[in-house]
Amino acid sequence: MKLLSQLVALALCLVTTLGEARTFEEIKKDGKIIVASEGGFPPFNFFQGPKLTGFEIELAEALAKKMGVQIEWRALAFDALLAGLRQDRWDMVIASFGVTPVRAKAVSFTNPHYCSGGVIVAKNPAIRKADDLADKVVAVQTGTTYLENVQKLAKVKEVKNFPKDTDARAALVSGRVDAWVTDKFVAKAALEAAPSAGLTIGDFVFVEHIAPAVKKGNTSLVEAINKALQEVMADGTYEALSKKYFNEDIRCR
Ligand code: ARG
């Protein structure tokens, strides 16, 4: 069922990619770029009270500055973000999307803004490796690469889906599941935020390149974002932001 609905969604994507996305020149003339994120994936994108913030939000602001435009932010459910690109509802998405062949058919990715991967988080310190998930119930966010990769592990007892990654985490904390698979840096931040929850971080299940996305085929915007990325990575802006959030530089190497 899941796979079928994913295929239908992809087919719809392909046939409806007919409208024209705004080129970088048009965006520049307008002076503002519309960028969508989620706001539920700390420390990458989250809400501090009413304010959308995080590593990706601040990074996008730095990119926009280099591009000479202002950002108008939109915050939406994770699974609505890529679909909105094809409907021209926003120009760019930055929400920790891993570059996958399926997604790359529906949208265009820029160069990656960081490299990471899905790790196993559990309360039981004996659950560390992919093999340890045999006969276990695992929580993941719907529509993510975590779901996709955990489903590939043959012996998992059940994969429980949550629209929000923070709810997948909560399911682990309250003991409703045996493990949670999420981003390594999200896991680290969760452990630091709640040391008494008794969570431990295990191995990577997979690694991935994470990148901003634009409407499929919007080459001028891809090029403008890549140029800005290169500039912030060269002038220390990226490094400072990355160290602020992670105490290390998380760019792909
Ligand atoms: N990296 C994973 C993926 O590409 C998870 C992204 C989750 N992002 C979020 N804003 N909740 O599917």
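A quick note: this is a predicted structure, and the numbers were derived from the prediction, not measured. One-based numbering, in listed order, for ligands and for the atoms of each.
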- Message: Given Glu56, Glu38, His209, Arg103, identify the one with the heavy atom nearest to atom 12 (O) of ligand 1.
- Response: Arg103
- Message: I'd like the name of whichever of Phe97, Tyr146, Phe46 reaches closest to atom 5 (C) of ligand 1 through any heavy atom.
- Response: Tyr146
What I want to know is whether [X] and ligand 1 share at least one N or O pair that is separated by under 3.5 angstrom.
X	result
Gly143	no
Thr145	yes
Ile210	no
Thr144	no

Measuring from the heavy atoms of [X], does anything fall under 4.0 Å of ligand 1?
X	result
Lys164	no
Glu148	no
Asn45	yes

- Task: Do me a favour and list the nearest non-hydrogen protein atom to atom 8 (N) of ligand 1 with residue, atom name and distance?
- Result: Ala95 O, 2.9 Å
- Nearest non-hydrogen protein atom to atom 6 (C) of ligand 1, with distance, is Ser96 O, 3.2 Å
- Scan residues 139-166 for pairs that pass salt bridge (Lys or Arg N to Asp or Glu O under 4.0 Å), counting only residues two or more places apart or in two chains. Glu158-Lys160
- Quick one: salt bridge (Lys or Arg N to Asp or Glu O under 4.0 Å) pairs with a partner in residues 55-67, sequence neighbours left out? Glu58-Lys244, Lys66-Asp235
- Using a strict 4.0 Å cut-off to heavy atoms of Gln141, name the atoms of ligand 1 that fall inside it. 7 (C), 9 (C), 11 (N)
- In this structure, which one of Val150, Val121, Leu172, Ile127 forms a side-chain contact (heavy atoms from CB on, under 4.5 Å) with Val138? Val150
- Message: As an exercise, state the distance from CE of Met67 to CG of Leu229, rounded to the nearest 0.5 Å.
- Response: 9.5 Å
- Query: Does one side chain, of Thr145 or Glu208, offer a donor that lies under 3.5 Å from an acceptor on the other?
  - Reply: yes
- Task: Look at Asp249 together with Arg251 and state whether they make a salt bridge at an N to O cut-off of under 4.0 Å.
- Result: yes
- Is any NZ, NE, NH1 or NH2 atom of the basic residue among Glu231 and Lys227 found under 4.0 Å from an Asp or Glu carboxylate oxygen of the other? yes
- Between Val186 and Pro43 the two heavy atoms that sit nearest each other are CA-CD, 4.1 Å
